[in-house]
Number of protein chains: 4
Amino acid sequence: MKKNKPKYNQIIEAAVEVIAENGYHASQVSKIAKKAGVADGTIYLYFKNKEDILISVFEEKMGQFINHITEAIQNKNNANEKLYELIQLHFSQLSKDPHLAVVTQLELRQSNPELRLEINNVLKPYLTVIDSIVQEGMKEGIFRNSLNIPLVRQMIFGTLDETVTNWVMKERKYQLIEQAKEVHTLLTEGLTLS
Amino acid sequence: MKKNKPKYNQIIEAAVEVIAENGYHASQVSKIAKKAGVADGTIYLYFKNKEDILISVFEEKMGQFINHITEAIQNKNNANEKLYELIQLHFSQLSKDPHLAVVTQLELRQSNPELRLEINNVLKPYLTVIDSIVQEGMKEGIFRNSLNIPLVRQMIFGTLDETVTNWVMKERKYQLIEQAKEVHTLLTEGLTLS
Amino acid sequence: MKKNKPKYNQIIEAAVEVIAENGYHASQVSKIAKKAGVADGTIYLYFKNKEDILISVFEEKMGQFINHITEAIQNKNNANEKLYELIQLHFSQLSKDPHLAVVTQLELRQSNPELRLEINNVLKPYLTVIDSIVQEGMKEGIFRNSLNIPLVRQMIFGTLDETVTNWVMKERKYQLIEQAKEVHTLLTEGLTLS
Amino acid sequence: MKKNKPKYNQIIEAAVEVIAENGYHASQVSKIAKKAGVADGTIYLYFKNKEDILISVFEEKMGQFINHITEAIQNKNNANEKLYELIQLHFSQLSKDPHLAVVTQLELRQSNPELRLEINNVLKPYLTVIDSIVQEGMKEGIFRNSLNIPLVRQMIFGTLDETVTNWVMKERKYQLIEQAKEVHTLLTEGLTLS
DNA sequence: AATGAATGAGCTTTCATTCAT
DNA sequence: TATGAATGAAAGCTCATTCAT
């Protein structure tokens, strides 16, 4: 298994840094190789091509991201608490790794459509987690029964994603995590005064 | 005024089509010129460089998009109706111009950070429209008084954007506009059963 | 006769200025047209192509240059005085027109070999003047009888040319004309202490 | 050290030939690469850009040229003999390498002002050699004591340069080296019959 | 005679990928 | 495994020249 080889991880970490620092289009393979401390050719012993590095970066990082969230919400008692925990962890994990935040919110979106499909595949488990929370909430009678799950998922993910992107674009000048509570309220209560 | 010159518009229209069909990075200037029926050099009489074409495409198209919405919501009586109208028009306008939808939701996001800043500038008036609807809703007592406007704006825009992107990525196999009602309800009522 | 038309001269004068200011390779036809106050296309009513402008500039300016010298030396009594007058006028005329000096000493040399042949043709009358001075000096018994005329011509022209080029490259920080006497002595007396 | 790498020299030699045959402006990088038997991209492993090839050609070739002359005149007994040796070697070295002669006398002069400055720097040691010969001749009492050294240098270099240029432009139809004696006499004795 | 919008050929340079060592 | 020198395809942009008005 490639993943246990040290160079594989060296290259992944180097790629995140190089892309965050230079942007996607200025991230030449040779730059990543240099930062990783390996020869250009060595990259191709571990990755099929440049795109494969990108996909792998996303798989590795997003895998951890999702695993962390999945585990954490298991301890929560109901859908509401689980949603809140998800929001908090989504924000806190990206807050802690600014390089990764820049890469996921800005640079990775510059890739071509084929790569986008791959990225969506990696994202799928995360979206499934959201779906299951919504479903659970409906079952528990906490959320309205008539919810269109894919639509709700798009609202939740779209809101979180947009919020993080804004924070990255504002150069992280405020505390993202402080917005978790309000975002949760907005999603659950909506705009209307009841 | 350049904008009245027919070639300017020919090139804009050709660019939208070429980018939608081939993707941003496979859209050579020569391809755009050919589709527009002009010489390569002619492009540079109307646009500073390739990036300028992209920016101009977005300015032109988004300008119309925003103007249309701004006018339409003026006739509505309250914030709720205005928000609904905005959602409907956001969806219907992109539904009617699939090329444009592909460009705005996928291809334009592949651009570099400088271009992203430009794009954000163009988007600003739209975000301001959303803000003013929220503010009006609070004043009218329709929306909760304590709303954090930037956050609400991110929820609304994030939700619409994610919904359209999903529709584009699913290759527009369903009617986007049919989701307007539900999206509106989700945004205003939230998830919670009250 | 084209030469009497005002636009012809406007373009010639504009070309000298533009080339002196921007250098040969940054002197686009459109820049010359703009400085001359005519349309790009108008240039081609008076000149066959860009190279023809260059050649004409040289013909016009060098023609005056040579005529002036030819006339002036007629009043001199012997070859020695004629040579001195030639040196003085060569230096003084280029001193008075720094734009022209830059063009003849630096920019015109950047042209291609075909143009160089043309330039040599224009220069021929000047070289002939030098030849005749040398011949006269030999006949008068002032110069040595055994002189190889082409070689002497190359020494005289080469020395003057190199001297002017150095002065231009040193950004004309000293008085070129003050060197006329010494140059004349060097050419006639040589280096040797007799 | 790059200079020992065979490809570096292959490219330099190819550049001299291609420029001599096609002229500076018709010497595409791809043509030089082909003649050198390397890929286009390889050029850029050894040279910063096209201009850098030119500068390097001049540095390499002129360096050898100057070294050769500097060494040879050390064995000569006085300034007069040294000057004669310099003239002979200046002529003979360019005679032996017609490609180089074309490049130095014609093509290199087509370059832009920045490159010209570089060329002047490379030439400086040669001019210094000339200066020191003149100075020595004055000290030895062979040359007149009152000589203006920069001016003498301009006469000597200007004469040699013009002589070589004429020979190149006449397509080398005569033996340049046969003129060395006469040129030396002209420079030392001048025109005047004493 | 004059205009100037339009043309389109032409070239340097980058960089992902390969392969001999 | 690992290296890194070498490859070569690919594309944005300029500008001399033309020609319809």
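Values reported hereafter were calculated over all heavy atoms of this structure, with side chains retained and with hydrogens, waters and symmetry mates removed. Sequence lines set the chain letters: A, B, ... in the order given, protein chains first and strands last, and positions in each chain run from 1.
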C/F65 and C/Y126 aromatic ring geometry - parallel, tilted or perpendicular at 30°/60° bounds: perpendicular
Rounded distance in Å - CG (C/D52) to P (F/dA16): 14 Å
For A/K34 and F/dG4, is the shortest distance between a side-chain N/O and OP1 or OP2 below 4.0 Å? no
Qualifying residues under side chain to side chain contact (heavy atoms under 4.5 Å, CB included), relative to C/K50, sequence neighbours excluded: C/V29
Please list, chain by chain and in numerical order, all residues satisfying side-chain hydrogen bond (donor to acceptor under 3.5 Å, both in side chains) with A/N121, sequence neighbours excluded. A/K124
Distance check needed: F/dA6 P versus D/F47 CZ, whole Å only. 12 Å
From CG of B/N22 over to P of F/dA11, roughly how many Å is that when rounded to an integer? 11 Å
How many Å lie between NZ on B/K31 and P on F/dA10, as a whole number? 11 Å
Of all residues at least two apart in sequence or in a different chain, which pass the side chain to side chain contact (heavy atoms under 4.5 Å, CB included) check with D/A26? D/N22
Heavy-atom contacts, protein to nucleotides 7-13 of chain E, under 4.0 Å, summarised as B (base), S (sugar-phosphate only) or - (none) per nt, yield BB--SSB
With sequence neighbours excluded, tell me which residues meet side chain to side chain contact (heavy atoms under 4.5 Å, CB included) with D/V122. D/F58, D/E59, D/M62
Side-chain N or O of B/Y46 less than 4.0 angstrom from OP1 or OP2 on E/dA5? no
Residues which pass salt bridge (charged side-chain N to carboxylate O under 4.0 Å, His left out) with A/D161, listed by chain and number, not counting sequence neighbours: A/R109
C/K35: which residues meet the salt bridge (charged side-chain N to carboxylate O under 4.0 Å, His left out) condition with it, sequence neighbours left out? C/E17, C/E21
Suppose we screen for salt bridge (charged side-chain N to carboxylate O under 4.0 Å, His left out). Which residues come up paired with D/E51, at least two apart in sequence or across chains? none
Atom pair distance, as rounded to whole Å: CD1 in D/I43 and P in F/dT7: 10 Å
DNA chain F stem ranges, 3 or more consecutive Watson-Crick or G-U pairs under 3.5 angstrom: E:2-21 with F:2-21
